[in-house]
Every structure is written in structure tokens, then in C-alpha cells.
Amino acid sequence: MQLVRPKIFVIIKSTMLKTKKELKEKIVSKLSSEFPLSAEEVELTSTPDQKFGDLALSIAFPLAKKLKTNPRAIASRAAELLSDLEGVEKVEVAGAGYINLYLDRKKFFSEKFANLEKTGLNPEEKKVIVEHTNINPNKAAHVGHLRNACLGDTLVRCLRYKGEKVEVQNYIDDTGVQVVDVVYGLMELEKKSLTDLDKIEGKFDYYCWDLYTRVSRFLAENQQAQAKRAEILKRIEHGLSPEADYAYYVSRRILRAHLATMKRLNITYDVLPCESSILGLKFWEKAFQMLRDSQTIHFSQEGESAGCWVMKLEDEPEREKIIVRSDGTVTYVGKDIAYQLWKFGLLGQDFYYEPFVEDNGRTIWISSARPTPYDVHFGAGSKVYNVIDVRQSYLQKVVVQSLKSLGYKEQASRSIHFSYEMVALSPKSLSEINVEISEEDKDRTFLEVSGRKGIGVKADDLLDRLEEKAFEEVAKRNPDLPLSSKQQIARQIACAAVRYFMLKYARNSLIVFDFDEALNFEGETGPYLQYTAVRLRSIFRKFQEKTGISYQEILRPELLKNINLEKLSPEEARDFWELIVYASGLDEEVLRSIITLEFANLAKFTFNLCQKFNSYYHNYQVLAEKDEELRTFRLMTIYFVHEILCQALDLMGIQIPEKM
RNA sequence: GCGCCCGUAGCUCAGUUGGAUAGAGCGUCUGACUACGAAUCAGAAGGCCGCAGGUUCGAGCCCUGCCGGGCGCACCA
């Protein structure tokens, strides 16, 4: 049975944010006559415990400092003034001077249920661009890339939830040195023709993973080979055959593999801008003129950088960043500046585009340097997020500074480097993937992922292992399910496990990857969240099976007018209320996650919600409840949680299996 | 050398602009399934929040110094 959501509930959003906003306005108007305070100073926080009420006001402390009296006295007077706040049942002074508010529960709950208005979140931008994934198309994706893509995709989902128009870009460096190395390997080491490449069966990204490490080692050991490699690079950059054809073949075939890997995680893109297009359409030449004319960069006459075009750095006046080399070629940062200008629509030109893959009726477009018949346009965002790991902070700073220096102050401030720490590997996980550790690395507690050295857990390998394990667990519990269902569920579980794992750590926290932790399905994991939702849903399924009544009929908003909270035992009233108040915090949590770019907040919120629900689930029977009024009330309570949980999981790209 | 980041329970990590009793998960130990699904729940043990000063009504959080670890600072990307 498919769980169909009644229409009226689809638009429910948790609106604690809205409640707080409204309360805050009233509080300011009631207090400002007697106390010197501004709206910014008034903040409603949650209390450490339900027994202290629902919301706390700590304005007495700053006021006491300002007025040189004691906070408790101020709090008492303020509480008097607030005694008749609408929607608030009780106001109390506690501790050293906290003002605690107790919400009118019935009003709050019925409002949240019946409120058809929009969420407290509103879009602020014309168009937001999020760039993430950006894997060099010369080898398979690994766990480090997964962190990037999971963070980026969650940001995208949260921004869209907020109402923003979002464009997802995945930049493809199809002419860079990494692709060159693989081309070098295919042409020089393996002497393969272009038609030979088609004969390479199986996972081409895995094939190139091994080849890339072989080439890297070969080039390190054979310095004389560098000249040939440099020549290949130049020919690829200028689009000359046959090298450019090899690069095209390799990058496109591996790109398709990457997209397939990301699809396993419900991650997709709108457009794939390629470096080859940036070169072909001479974006850099345009950017160069702008940088030169605005004197953002200048030609260096002396010193180590003589003959180069360099940029002065704001906070390090003694150091200069080279943008154009003395041989006239542009550095990586230079191309990145051009790309960033295009993202903001400041370059005055666009790429051409053509469809690359069709995915469920959605097209992923790829850039082209040559005219195409398609009238589509990308870029020109008002805000840009670049999801790139923390090691590139310095370069991202250079990019932002160049915008500033060009006079685009507004864009510079809306150019956000979404940085996060890298994923490293524990010695234990290294031995699991059969990587031998060099002598110098022996004593380290973790090892950085390195495509060049071939040190890394491949994304597809991890997903395969997760699916395998999930399949076993599903088969154990649901032996009668058809094979295809079991496989489908296993895929959903594997995806949830990876996505939650990548989200649960703060972005500043280095993840030392460990298979045991990543493969865990219990405790604070994605599958735990799914399991909670599955249990929740099965109550509704069973309800319909048992009674023959659609639960939509039971969950009519009108009923809320007549609910009688007095009927609940003190324990149940407490547990019910805790669940509702907590669930109502989703909007606020999403907003906070977007502002701080800390999606571990959202992950933790969802996990805590599940814990609270599971505890409730354990304590209160729904279907077996004889009292019909009480049963309906509990159904409404868990339905509310269900809605919030579905939204939260969707924001993290986690699907809910029918069974698991 | 300069810059950025991190030291919180045995392990992995949370800790809202400084605020009420420092919290989770894993692991360990003890309980709970003839079931609204035990991938769960309830409980126990486990902390000079790296060290030393300072700021104040109040510091895991802010400032200074020190110790220990990581990452940047390319005419690589």
C-alpha cells in the first residue's frame, strides 16, 4: 500500500520560527516602554528542560548590566508586563533572571496542524548557484568526493526548501593535467588507439584509477618523459587531434561513470561547465582584459616573478600570486577567476549547451565551445556557493579578492567558499583495501586520500559493500519480498548510510574513514532514521488494514478544535508536547544550517527527532488503544512527526523504503 | 618562518552571538520481544572540556602564552 499524503498536510511546515517571530514582536512592544531594548537584543531560546517552559528570554542579563541593577528584579517586572501575551499560558521567572514562557499547547498544536500558510522561510536571492562534486574526469570517484557531493547536494535541497531558485553546477576539468596523465598512459605506455578504448570493458573509471597511479609513478621515475607530457597538455588545450580526442573520450566516459555513481546517492546536476569550453570560447582572454584594465593584475618586471602577470594580495602585501606565467599560459586560479565571473554573469558571454544525459525526464546539460541548436542559458547568479575542501581556502580567497578589486563588491560578498575538511583513511581501512603503506607513513594515525598514489576507497566499492550488507539484513527480516524489492531497498539503505555518515560530522572535522563505522546501521546512522520512518508508516498501514477506514478521514483538522489535552496523563502530556515542540523546530534548523553551512545540525536534529519518536512509540500504543478519542489524538501526534520527518529526510536525500 | 584549523567520556564526535545540571553514538555491563517491526527501547558505569594565566555576575565557548597534532603558503591543479 502506498502511503498517500492528504493534500491539506502537504503544505504543513513546522513553524516554531513563525511563532517565535510573532512573540518577539509582541514582547518588544510590551517591554520597550519601560526598558531600553532593541529588537535585536530580544531572543527566544529553548529551555534546557520542559519543566522550565518552552521558550526562554534572557534579556534581563544585558539589561541589568546597562541599568546597573540586578537581573532578577528586572525579570520580575518584565514577566508582569508579559503576563497577558497571546498564545502564552504562563510566564515565570527562574534562575538568576530567566523569563520562561509556557506556550498554550492546544492553540499551538492545532495551529501547526491546520495552518495553511507558508513556512517561516523566504527566498532572498534572484538565483543561487551551487558548484559541487568537481571530480577530475580521469579516475573513479572516492570517499573524499562523496563528502563534497553530499554536502553540496544537501545545501541545494535546503536552499530549495527555503524557496530559492537554485542552479547546480559540476565543473569538469577535461583539459587539465590529470586527464593528460591518463591520456599519456593510454597513448605512450599502452599504445592504445582510440578504437582500442572501446574494447576496454567493465568499469572504465576503475581502469583509469589504476592507470593513473601507474603513470604518476612512471613520470616521477622518468623525468625525460615530462617533455612529451607537456606537449600533450598543450595539444589538448588547443584542441588538436588526436590528443584532444583522447581527452574528450576519457573525460566523457568517466564523467558518465561519475554521474552514475552520484545517481546512486540521489545526487544530480543542472549543468556541467567544462574547462575545454572556457578555453575554446576564450573566457580567459576576456577576464584577462578586465583584470588588466582594472589593474587588479600587473606585469612583473623584476624579482622571481619577472615576466609574469601577478596579483597583489590584500593581507599579505609582500607576496604576489602569479596569474599568468612567463610563457603566457594561465594558471588554475586565473581560469577559476574567469569561471567565477561567468557565474555572476559578469563576463558578458555564455557557453553553448547540449544535452549530456536524460535522467527521469530531466536533462543534464553540458557546455560546448561550438554553437548548438539549444536555446538554454546558465550562470548569472546573484549568489554563488563553491563547495571545495579547506585546502583550497587560499585560492578561493584570491578569487574573491579579484572580484572585489574589479569593483564587484556585492558579488565578492556573495561569493561563498563552502569549505570542509578532507576525508582521510585509517590504517585499518587501508589494509582492508590492500594498500601498502610506505615507511615514512607507517607511524601516522591516518593517511590522506591520494588519487595519484591510488590511495582511496572508491565510492562504488563502498556503495557495493553497503548494498550487500543491507540486502542481507533485509532478506533476514523480510524473506518473502520479491528479489527486486529487496535490491531496491538495499540501494536506498546504502544511500542513506553514506549520506548520513557524510553529514553527521561538522564540516571542520576531519573524517578518518573507517569501514566499521561507515557500514554501521545502528545508532546514529541513516538506516536508523529510515527504520524510524518505516515503523511510523506501518502504523498507518495497519490502521487502514485493521479498520478499513482511511486514516485521512480520522485526521481531519476540524477535530483539533475539540481535542482535550486534559485527557492525557501527566507523563503522556509531557512526552506528546516534547515531540511536537521539537518537531516544530525544523524550519529553524534548516535556516541555521544554511547560514552556518553546518548540515550536521540538520542531521542531528533529525536523529534526535527519531530518538524522541522511538521512545514515544515504545511507551504509547496507538492501534491497540481502546479509547477512540485518545487513539485519534495519538494518530495525529505521530502524523505530525511523520510529516516533519519526511521533510527532514528528503532534505538529506534519504528515501524511505516501504519495508526494510 | 607566516596563515588557517583541531585537542571535550575507552573510541568517534555534538555543544546555538558567553547562560540554567557538559550531551549523543559506538564499545562495556543490566534489563525489555506469543510485536502498532528488537536496525528498537529503558537503565548503569565512564569527564581537573590539552596546560597556565586573564576578561566578568557567569567561560568548553572570548583574550594572551605554552604543549601536542593537522592543513595551506607553486610559473601543479
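Every heavy atom of this structure was used, including side-chain atoms; hydrogens, water molecules and symmetry mates were not. Chain identifiers are assigned alphabetically (A, B, ...) following the order of the sequence lines, protein sequences preceding nucleic acid strands; residue numbering begins at 1 within each chain. These numbers come from a predicted model, not from an experiment.
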Counting distance alone, no hydrogens or angles: does the base of [N] have a donor or acceptor under 3.5 Å from a partner atom on the side chain of [X]?
X: A:T331; N: B:C75; answer: no
X: A:D181; N: B:A77; answer: no
X: A:K612; N: B:U40; answer: no

*Would you kindly check if the NZ (Lys) or CZ (Arg) of A:R452 is within the cone defined by 45 degrees around the ring axis of A:Y212 and under 6.0 Å from the six-membered ring centre?*
no

Is the NZ or CZ atom of A:R507 both under 6.0 Å from the centre of the six-membered ring of A:F418 and within 45° of that ring's axis?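 No - A:R507 does not lie over the ring of A:F418 by the 6.0 Å and 45° rule.
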
**Prompt:** Taking the nucleotide of RNA chain B with the closest heavy atom to each, which residue, A:A56 or A:G303, is nearer the 5' end?
**Reply:**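 Its nearest nucleotide being more 5', the pick is A:A56.
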
Tell me the interatomic distance from [X], atom [atom1], to [N], atom [atom2], rounded to whole angstroms.
X: A:E237; N: B:A77; atom1: CD; atom2: C1'; value: 11 Å
X: A:L602; N: B:G15; atom1: CG; atom2: P; value: 14 Å
X: A:F521; N: B:U40; atom1: CZ; atom2: P; value: 12 Å

Measure the acute angle between the ring planes of [X] and [Y], then classify it against the limits of 30° and 60° as parallel, tilted or perpendicular.
X: A:Y551; Y: A:F540; answer: tilted
X: A:Y616; Y: A:Y620; answer: tilted
X: A:F61; Y: A:Y98; answer: perpendicular
X: A:F607; Y: A:Y500; answer: tilted

Between [X] and [N], does any side-chain N or O lie under 4.0 Å from OP1 or OP2?
X: A:Y528; N: B:C26; value: no
X: A:Q611; N: B:G25; value: yes
X: A:R592; N: B:G15; value: no
X: A:Y531; N: B:A39; value: yes
X: A:S615; N: B:A42; value: yes

| request: Go through A:E421 and A:R391 one step at a time and tell me if the salt bridge (Lys or Arg N to Asp or Glu O under 4.0 Å) criterion holds. | output: CA-CA 8 Å; A:E421 261 294 352; A:R391 289 170 295 185; over 6 Å; no

Hey, does A:V398 reach any base, or is it just sugar-phosphate, or nothing, if we go heavy atoms under 4.0 Å? nothing

Notebook entry, point to check: Using a cut-off of 4.0 Å on non-hydrogen atoms, how would the nucleic acid contact of A:M422 be classed: base, sugar-phosphate, or nothing?
Noted result: sugar-phosphate

Return the polar atom pairs (N/O with N/O) between nucleotides 33-36 of chain B and the protein under 3.5 Å, or none.
| unit_1 | atom_1 | unit_2 | atom_2 | d |
| --- | --- | --- | --- | --- |
| B:C36 | OP1 | A:Q621 | NE2 | 3.2 |
| B:C36 | O2 | A:V622 | N | 2.9 |
| B:C36 | O2 | A:L623 | N | 2.9 |
| B:C36 | N3 | A:Y620 | O | 3.4 |
| B:C36 | N3 | A:V622 | N | 3.0 |
| B:C36 | N4 | A:Y617 | O | 2.2 |
| B:C36 | N4 | A:Y620 | O | 2.4 |

Encoded 5' to 3' (Watson-Crick or G-U under 3.5 Å; [ ] crossing; | other strand), RNA chain B becomes (((((((..((((.....[...)))).(((((.......))))).....(((((..]....))))))))))))....

Salt bridge (charged side-chain N to carboxylate O under 4.0 Å, His left out) pairs touching residues 610-626 of chain A, sequence neighbours excluded, are A:E578-A:K612, A:E625-A:R634

Taking the six-membered ring where the residue is Trp, are the ring centres of A:F513 and A:F446 under 6.0 Å apart?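 Ring centroids of A:F513 and A:F446 are no less than 6.0 Å from each other.
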
